[in-house]
Colleague: 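Structure provided below as structure tokens; questions to follow.
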Amino acid sequence: MNFNQIEAFLTTIRLGSLSKAANHLYVSQSTVSQRLHSIEKEYGILLLNRDRGVKGISLTDEGERFYQIALEYELLHAEAKNMKMRSGNMTITIGAVDSVHNYIFQNLYKKITEEIPNIRLAVRTYQSNEIYSLIEQRKIDIGLSLQERILRHIHLKKLFAEQLVLVQCRKRGEQRKVIANETLLPENQLYIYWGIDYQIWQEKHWGSSSNSHIQIDTVKMLQEFIVDSNLWAIVPVSAARSLYKDGIVHVYMLEDPPPDRICYIVEREGGNRYSKKINEILFHSMEEIENIVRPWDE
């Protein structure tokens, strides 16, 4: 497999036909077709559905999986091609869950780029359970995970703990500070998974998460559902404080509160000097982080 073959495949998918891909690449249609066949022959797969009378391009199941590989190949090729142009700059990739990126680390990312001007910072969003395997595969350099796992050659360190609180749509009237867990209906819950300890606590009060009619995977999605509704959700205090300031929700404590969520820094043992420098910046910024995740006191 070479870049010309990958380029032919991705261009065909993006433009929707072999002829358009050929025109774009300034080659014949038969050349594009030959490059696709070469990939299929090398790996023993079928990339495209070729049913007669069907217009346009559609991927087989194998083609869908190969498409993801091709995108990564294209990205790596571009990285390698641009190495000289970046004059020694190195890309450091940080992977974390959406709520950590958006509500805690935004200003810290700016600080990192200011204090280490000769790096390119790539910020990627993943689920916590993905981060360890991505670290092992060297696809990310630093992970910020809400799960604790012990693996060989993986270094794990607790960064912070954060309170989880109840939020509901902001409405007029007297507001209670503390709500009894049993008064909350599970079918009105906007359920977000915050780790195994949270899941155990959740099931103690409301049973399986399947009892919730709506399950979401980011706090950002919560805003679309919770406005003008009777829905409720459990979210980290950093996100709750942001939503409260925007006038979207009221924030409450629960009589039996959920366990704090813990965020860990995940890295390969050893690491590179840039990763170590970022580590130092994060731990020197603990006062700033702890202010963002301070317990609810409004």
Colleague: Is the number of heavy atoms from other residues, nucleotides or ligands under 6.0 Å of Asn291 CG greater than 12?
Modeller: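 More than 12 within 6.0 Å, yes.
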Colleague: Taking it one step at a time, do Arg14 and His24 satisfy side-chain contact (heavy atoms from CB on, under 4.5 Å)?
Modeller: CA-CA 11 Å; Arg14 288 164 178 162; His24 181 81; over 6 Å; no
Colleague: Checking the side chain of Ser212 only, and the main-chain atoms of Ile214 only, is there a donor and an acceptor separated by less than 3.5 Å?
Modeller: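 Pair absent, no side-chain N/O of Ser212 close to backbone of Ile214.
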Colleague: More than 12 foreign heavy atoms under 6.0 Å from CD of Gln137: is that the case here?
Modeller: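 For Gln137, atom CD is crowded (more than 12 foreign heavy atoms under 6.0 Å).
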Colleague: Do Asn49 and Thr60 have side-chain atoms, one donor and one acceptor, less than 3.5 Å apart?
Modeller: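 Checked: Asn49/Thr60 side chains show no N/O donor-acceptor pair below 3.5 Å.
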Colleague: Among Ile94, Ile135, Ile92, find the residue that satisfies the side-chain contact (heavy atoms from CB on, under 4.5 Å) test when tested with Ile140.
Modeller: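 Only one option passes, and that is Ile135.
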Colleague: Evaluate the side-chain proximity of Gln68 to Phe66: yes if any heavy-atom separation is below 4.5 Å, no if none is.
Modeller: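 A side-chain contact under 4.5 Å is absent here.
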Colleague: Would you call Gln215 and Gln189 a side-chain contact if the rule is heavy atoms closer than 4.5 Å?
Modeller: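 No, their side chains stay 4.5 Å or more apart.
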Colleague: Just by modelled atom types, is the Ile39 backbone N or O under 3.5 Å from a matching donor or acceptor in the Glu42 side chain?
Modeller: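 No; judged by distance alone, with no hydrogens or angles, the pair does not exist.
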Colleague: Is it true that Val97 and Leu134 fall in one hydrophobic cluster, defined by side-chain heavy atoms closer than 4.5 Å?
Modeller: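 Each belongs to a different hydrophobic cluster.
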Colleague: Supply the atom-to-atom distance Ile57 CD1 to Leu18 CG, rounded to the nearest 0.5 angstrom.
Modeller: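 Between Ile57 CD1 and Leu18 CG, I get 4.5 Å after rounding to 0.5 Å.
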Colleague: Atom CG of Leu166 and atom CG of Leu184: how far apart are they, to the nearest 0.5 Å?
Modeller: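 Between atom CG of Leu166 and atom CG of Leu184 there are 5.5 Å.
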Colleague: Which heavy-atom pair separates Ser229 from Cys169 by the least distance, and what is that distance?
Modeller: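 Here Ser229 and Cys169 meet closest at O-CB, 3.6 Å.
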Colleague: With a 4.5 Å cut-off on side-chain heavy atoms, are Met286 and Leu159 touching?
Modeller: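 Yes, at least one pair of side-chain atoms sits under 4.5 Å.
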Colleague: Please identify which of these residues, Asn181, Val178, Val165, meets the side-chain contact (heavy atoms from CB on, under 4.5 Å) condition with Leu254.
Modeller: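 Going through the options one by one, the only one that passes is Asn181.
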Colleague: State whether Lys110 and Glu288 are salt-bridged, where the test is any N-O pair (Lys NZ or Arg NE/NH1/NH2 against Asp/Glu carboxylate O) under 4.0 Å.
Modeller: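 The answer is no: the pair does not qualify as a salt bridge.
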Colleague: Less than 6.0 Å separating the ring centroids of Trp201 and Trp194?
Modeller: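 Between Trp201 and Trp194, the centre distance exceeds or equals 6.0 Å.
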Colleague: One pair to check against side-chain contact (heavy atoms from CB on, under 4.5 Å): Ile216 and Leu222. What are the steps and the verdict?
Modeller: CA-CA 7 Å; Ile216 55 180; Leu222 177 147; 3.8 Å; yes
Colleague: Determine whether the aromatic ring centres of Trp232 and Tyr252 lie less than 6.0 Å apart.
Modeller: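 Here the rings of Tyr252 and Trp232 have centres that are no less than 6.0 Å from each other.
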Colleague: What verdict does the side-chain contact (heavy atoms from CB on, under 4.5 Å) test give for Arg268 and Arg138, after you've listed the backbone C-alpha separation in whole Å, the side-chain angles of each residue and the deciding distance to 0.1 Å?
Modeller: CA-CA 8 Å; Arg268 291 184 301 277; Arg138 299 179 180 271; 3.0 Å; yes
Colleague: Consider only side-chain N and O atoms of Lys139 and Thr93, and report whether a donor and an acceptor are under 3.5 Å apart.
Modeller: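 No, Thr93 and Lys139 have no side-chain donor paired with an acceptor closer than 3.5 Å.
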Colleague: So Leu71 and Leu10, do their side chains get closer than 4.5 Å, heavy atoms only?
Modeller: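 Leu10 reaches Leu71 side chain to side chain.
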Colleague: Counting only heavy atoms not in Glu203, do more than 12 sit closer than 6.0 Å to its CD atom?
Modeller: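 Yes.
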Colleague: Just by modelled atom types, is the Gln29 backbone N or O under 3.5 Å from a matching donor or acceptor in the Ser33 side chain?
Modeller: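 Not confirmed, Ser33 side chain does not pair with Gln29 backbone.
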Colleague: Measure across Gly44 and Glu62 and return the closest heavy-atom pair with its distance rounded to 0.1 Å.
Modeller: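 Between these two residues, the closest heavy atoms are O-OE2, 4.5 Å.
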Colleague: How far apart are the C-alpha atoms of Val251 and Val235, what are their side-chain angles, what is the distance that settles it, and do they pass the side-chain contact (heavy atoms from CB on, under 4.5 Å) test?
Modeller: CA-CA 10 Å; Val251 182; Val235 301; over 6 Å; no
Colleague: Taking side chain as C-beta onward, heavy atoms only, is Ile278 less than 4.5 Å from Ile116?
Modeller: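 In short, these two side chains touch, coming nearer than 4.5 Å.
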Colleague: Can a donor-acceptor pair be found between the side chains of Thr31 and Ser28 at a distance below 3.5 Å?
Modeller: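 Yes, because at least one side-chain N or O of Thr31 sits under 3.5 Å from a partner of the opposite role on Ser28.
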Colleague: Measuring from Gln168:CD to His250:NE2, what's the distance to the nearest 0.5 Å?
Modeller: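 NE2 of His250 is found 9.5 Å from CD of Gln168.
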Colleague: Atom CG in Leu15, atom OG in Ser19: separation rounded to 0.5 Å?
Modeller: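 Those atoms lie 9.0 Å apart.
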Colleague: Of all heavy-atom pairs between Pro295 and Gln163, which one has the smallest distance, and what is that distance?
Modeller: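 Minimum heavy-atom contact is CA-OE1, 3.2 Å.
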Colleague: Give a yes or no on whether a salt bridge exists between Lys276 and Glu267, defined as a side-chain N under 4.0 angstrom from a carboxylate O.
Modeller: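 No.
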Colleague: Salt bridge check, Asp197 against Arg261: does any charged N sit closer than 4.0 Å to a carboxylate O?
Modeller: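 No, no charged N to carboxylate O under 4.0 Å.
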Colleague: Quick one, Tyr274 with Asp141, criterion side chain to side chain donor-acceptor pair (under 3.5 Å). Give me CA distance, side-chain angles, the key distance, then yes/no.
Modeller: CA-CA 10 Å; Tyr274 295 107; Asp141 300 289; over 6 Å; no
Colleague: Which atom pair, heavy atoms only, marks the closest approach of Leu164 to Pro259?
Modeller: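 So the minimum-distance heavy-atom pair works out to CD1-O, 3.4 Å.
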Colleague: Tell me, yes or no, whether the heavy-atom count around His101 atom NE2, taken from other residues, nucleotides or ligands under 6.0 Å, exceeds 12.
Modeller: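 Yes, the 6.0 Å shell around NE2 holds more than 12 heavy atoms from other groups.
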Colleague: Given the rule that I, L, V, M, F, W and Y join up when any side-chain heavy atoms are under 4.5 Å apart, are Leu75 and Phe3 in one cluster?
Modeller: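 No.
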Colleague: Count I, L, V, M, F, W, Y as connected when their side-chain heavy atoms are under 4.5 Å apart, and connections chain through other members. Are Ile265 and Tyr126 then in the same cluster?
Modeller: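 They do not share one cluster, since no chain of ILVMFWY contacts under 4.5 Å joins Ile265 to Tyr126.
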Colleague: Would the number of heavy atoms belonging to other residues, nucleotides or ligands and lying under 6.0 Å from NZ of Lys20 be above 12?
Modeller: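 For Lys20, atom NZ is not crowded (no more than 12 foreign heavy atoms under 6.0 Å).
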Colleague: To the nearest 0.5 Å, what is the distance between CZ on Phe9 and CG on Leu36?
Modeller: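 Phe9 atom CZ to Leu36 atom CG measures 7.5 Å (nearest 0.5 Å).
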Colleague: Counting heavy atoms not belonging to Asp256, are there more than 12 under 6.0 Å from its CG?
Modeller: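 Buried by this count: over 12 neighbours within 6.0 Å.
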Colleague: Report the C-alpha separation of His213 and Tyr191 in whole Å, then their side-chain angles, then the decisive distance to 0.1 Å, and conclude whether the ring-ring contact (aromatic ring centres under 6.0 Å, His included) test is met.
Modeller: CA-CA 8 Å; His213 290 184; Tyr191 176 81; over 10 Å; no
Colleague: Are any side-chain N or O atoms of Tyr193 and backbone N or O atoms of Ile196, one a donor and one an acceptor, separated by less than 3.5 Å?
Modeller: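 Side chain of Tyr193 to backbone of Ile196, a donor-acceptor pair under 3.5 Å: yes, one is there.
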Colleague: Which distance, rounded to the nearest 0.5 Å, do you find between the CG of Leu243 and the CD1 of Ile248?
Modeller: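 Here the rounded value is 5.0 Å.
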Colleague: Say whether Ile262 and Leu282 are linked into one hydrophobic cluster, either directly or through other cluster members, by side-chain heavy-atom distances under 4.5 angstrom.
Modeller: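 As far as the 4.5 Å side-chain criterion goes, Leu282 and Ile262 are not connected within one cluster.
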Colleague: Are Ile13 and Leu48 packed together at the side-chain level, in the sense that at least one heavy-atom pair is separated by less than 4.5 angstrom?
Modeller: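 Yes; the side chains approach each other to less than 4.5 Å.
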Colleague: Could you verify whether a donor N or O on one side chain and an acceptor N or O on the other, from Ser238 and Glu162, lie under 3.5 Å apart?
Modeller: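 Looking only at side-chain atoms, Glu162 and Ser238 do form a donor-acceptor pair, the distance falling under 3.5 Å.
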Colleague: Give a yes/no verdict on a cation-pi contact between Lys157 and Phe283, requiring under 6.0 Å between NZ or CZ and the six-membered ring centre and an angle within 45° of the axis.
Modeller: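 Yes, Lys157 lies over the aromatic ring of Phe283.
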Colleague: So, does Ser242 use its side chain to make a donor-acceptor pair with the main chain of Ala239 at under 3.5 Å?
Modeller: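 Pair absent, no side-chain N/O of Ser242 close to backbone of Ala239.
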Colleague: Side-chain heavy atoms under 4.5 angstrom apart, residues restricted to Ile, Leu, Val, Met, Phe, Trp, Tyr: same cluster for Tyr26 and Val32?
Modeller: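 As far as the 4.5 Å side-chain criterion goes, Val32 and Tyr26 are not connected within one cluster.
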Colleague: Restricting to non-hydrogen atoms, name the atom on Ile131 and the atom on Gly143 that form the minimum distance, rounded to 0.1 Å.
Modeller: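 Taking Ile131 first and Gly143 second, the nearest heavy atoms are CG2-CA, 3.6 Å.
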Colleague: Would you find a donor on one side and an acceptor on the other, under 3.5 Å apart, between the side chain of Glu74 and the backbone of Ile6?
Modeller: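 Not confirmed, Glu74 side chain does not pair with Ile6 backbone.
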Colleague: Kindly confirm or rule out a cation-pi arrangement of Arg170 over Tyr244, judged by NZ or CZ under 6.0 Å from the six-membered ring centre and within 45° of its axis?
Modeller: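 Positive - Arg170 is close enough to the ring of Tyr244 and near enough to its axis.
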Colleague: Would you say Glu290's side chain and Glu287's backbone share a donor-acceptor pair under 3.5 angstrom?
Modeller: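 No, Glu290 side chain to Glu287 backbone: no donor-acceptor pair under 3.5 Å.
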Colleague: For residues Asp98 and Val100, determine if any side-chain heavy atom of one lies less than 4.5 Å from a side-chain heavy atom of the other.
Modeller: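 No, too far: nothing below the 4.5 Å cut-off.
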Colleague: Between Tyr132 and Arg149, which heavy-atom pair has the shortest distance, and what is it?
Modeller: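 Between these two residues, the closest heavy atoms are OH-N, 3.2 Å.
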Colleague: Could you tell me if the side chain of Arg65 sits less than 4.5 Å from the side chain of Ile69, heavy atoms only?
Modeller: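 Side-chain contact under 4.5 Å: no.
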